[in-house]
Amino acid sequence: MNQPAPTRPRQVTLAGWLIMIGSLIVVAMVFDRVGALHTLETRESVEKFLAEPPGSDLGVGVDGIITLLRITSMVAAGCATAAAILGYQVLRRSRSARLALTVIAVPLFLTGMVTGGFVSSVVAAAALMLWLQPSRDWFQGRSTGPGTARAATPRAQAPVAPAASPYAVAQPPAVGGPTPAPAATDLPRPTSVMRASMLTWIFSGLTAVGLLITAAVIAVSPDTVLDDVHRRTPELEEQGISDDLLLAVTFVMIAAFVLWCVAASVLAALVLRGVDWARIVLIISAAIAAAVSLVALLAGAFLLVLLLTASVATILLLVRPDTAAWFHRTR
């Protein structure tokens, strides 16, 4: 007979809700921060910071600091979005989600300083609570309640059925009896898994192709791109940033995003095969892509609304109860 699932400790419930609510607050604060980066008040505060040590020793202009703040905010929003999704998975006793959440808590704590650092610190502390007792026993499937000792006492030995007589006549099998229930490993794959994988393959492929075309255009006519960059940020020359450095950074970023698309496609293939850790990592990847797309939309890249929609749809498909039950079928 199957043993009942252990009761979830209050510590895990508190930590899960703190992670989800705190992460959503961080996302909201990040978008408010990004919207205020181009205000006069922000520029004045940055200029004041750069006029005195240690800001004066950095050798970076106002636009460089604002760009750094924007990138840090995008990373914080992506980590917070992923943490909110993982917090929900943690409440469903997903050990892979707990591990992924612990890894994400570190960059979330550091990049969350752009919003003050208090809420991101709460999220990181809640992630740490998941590794303490009695949370650790609950994730391992061990009961920690007062009924543990009672369940560990040996039960009375069931009476042994008498041995069958060698002269007994075999009874024919009953007709119309109850059919055995299908095994857990025989559960059919939900259509949501296929849809999530297809969305990942389609938009990862389109994004990779678009990035490669952009890299080819830059390689053929770099002057056109450089002129546009210098027209938007004329302070780059004053900061000593050469055209060769700009091109190198651009190609490195394109290569990193293409590798991200390839990795997401591989994860989608593993998800289709029923690998649970791949589902968690793909959820994190889609959450970061959604956060980056949303920040880019605020900057005017309206075409990324398609990527944002696909990322959110992939997350919703992978966190459905029937999808999670299919991935946990071998437990």
Side-chain angles (χ1 to χ4, degrees), residues 1-27 79-109 112 118-155 181 183-185 187 190 192-193 196 267 270-271 274-287 315-331:
M1 185 175 65
N2 295 333
Q3 296 180 353
T7 305
R8 184 174 64 202
R10 295 181 179 178
Q11 178 178 332
V12 177
T13 304
L14 176 62
W17 280 104
L18 282 176
I19 291 170
M20 289 189 291
I21 297 176
S23 300
L24 293 178
I25 293 175
V26 170
V27 172
C79 293
T81 306
I85 298 172
L86 292 172
Y88 172 76
Q89 295 294 322
V90 160
L91 295 179
R92 301 175 65 87
R93 212 176 72 177
S94 174
R95 286 184 291 180
S96 54
R98 179 181 61 157
L99 180 60
L101 184 59
T102 306
V103 176
I104 287 179
V106 178
L108 176 59
F109 171 74
F118 175 74
V119 183
S120 60
S121 301
V122 172
V123 175
L128 180 62
M129 290 171 57
L130 299 174
W131 294 92
L132 305 177
Q133 293 289 11
S135 303
R136 189 165 63 244
D137 285 343
W138 181 72
F139 279 100
Q140 295 297 330
R142 296 191 294 264
S143 178
T144 57
T148 306
R150 189 167 55 250
T153 57
R155 297 181 179 179
T185 54
L187 290 176
S192 56
V193 177
L267 288 173
L270 294 176
V271 163
V275 181
D276 189 35
W277 66 263
R279 178 179 71 100
I280 300 298
V281 178
L282 186 58
I283 290 173
I284 297 173
S285 175
I315 295 172
L316 295 178
L317 289 171
L318 292 178
V319 299
R320 290 179 51 172
D322 56 339
T323 304
W326 182 73
F327 278 96
H328 300 161
R329 66 194 184 282
T330 58
R331 292 188 179 181

Open item on the list: Please report the interatomic distance CG(Leu128) to OG(Ser135), rounded to the nearest 0.5 Å.
Closed with: 10.0 Å

Task: Euclidean distance, Tyr88 OH relative to Met20 CE, rounded to 0.5 Å - done: 9.0 Å

Open item on the list: Would you say that Leu318 contacts Val271 through its side chain, given a criterion of any heavy-atom pair below 4.5 Å between the two side chains?
Closed with: yes

Open item on the list: Once rounded to the nearest 0.5 Å, what's the spacing between atom CG of Leu130 and atom CH2 of Trp138?
Closed with: 9.0 Å

Task: Atom of Leu101, atom of Leu86 and distance for their closest heavy-atom approach - done: N-CD1, 3.7 Å

Open item on the list: Other residues, nucleotides and ligands only: do more than 12 of their heavy atoms fall within 6.0 Å of CH2 on Trp17?
Closed with: no

TODO: Would you please test Gln133 and Asp137 for side-chain contact (heavy atoms from CB on, under 4.5 Å) and show each step?
DONE: CA-CA 7 Å; Gln133 293 289 11; Asp137 285 343; 3.1 Å; yes

Open item on the list: Looking at Trp131, is its backbone amide N or carbonyl O close enough to the side chain of Arg98 to form a donor-acceptor pair, meaning the two atoms are under 3.5 Å apart?
Closed with: no

Task: Value rounded to 0.5 Å, distance of CD1 in Ile280 from OG in Ser94 - done: 4.0 Å

Task: OG1-CG distance between Thr81 and Leu24, expressed to the nearest 0.5 angstrom - done: 8.0 Å

Task: Check: Leu317 main-chain N/O paired with Thr323 side-chain donor or acceptor under 3.5 Å - done: yes

Task: Audit row: Phe118, Val26, side-chain contact (heavy atoms from CB on, under 4.5 Å) steps and yes/no - done: CA-CA 10 Å; Phe118 175 74; Val26 170; over 6 Å; no

- [ ] Apply side-chain contact (heavy atoms from CB on, under 4.5 Å) to the pair Val123 and Leu108, showing each step before the final yes or no.
- [x] CA-CA 8 Å; Val123 175; Leu108 176 59; 3.6 Å; yes

Open item on the list: Quick check against the 3.5 Å criterion: does Gln11 have a side-chain atom that pairs as donor or acceptor with the backbone of Met129?
Closed with: yes

TODO: Go through the structure and list residues passing salt bridge (charged side-chain N to carboxylate O under 4.0 Å, His left out) with Arg136, not counting sequence neighbours.
DONE: none

Task: Any donor-acceptor pair under 3.5 Å from Ser23 side chain to Ile19 backbone - done: yes

Open item on the list: Donor-acceptor check, side chain of Arg279 to backbone of Phe327, threshold 3.5 angstrom: yes or no?
Closed with: no

Open item on the list: Distance to the ring centre below 6.0 angstrom and angle to the axis at most 45 degrees; does that hold for Arg95 and Phe139?
Closed with: no

TODO: First locate atom CG of Leu99, then atom CH2 of Trp277, and finally report the distance between them rounded to the nearest 0.5 Å.
DONE: 11.5 Å

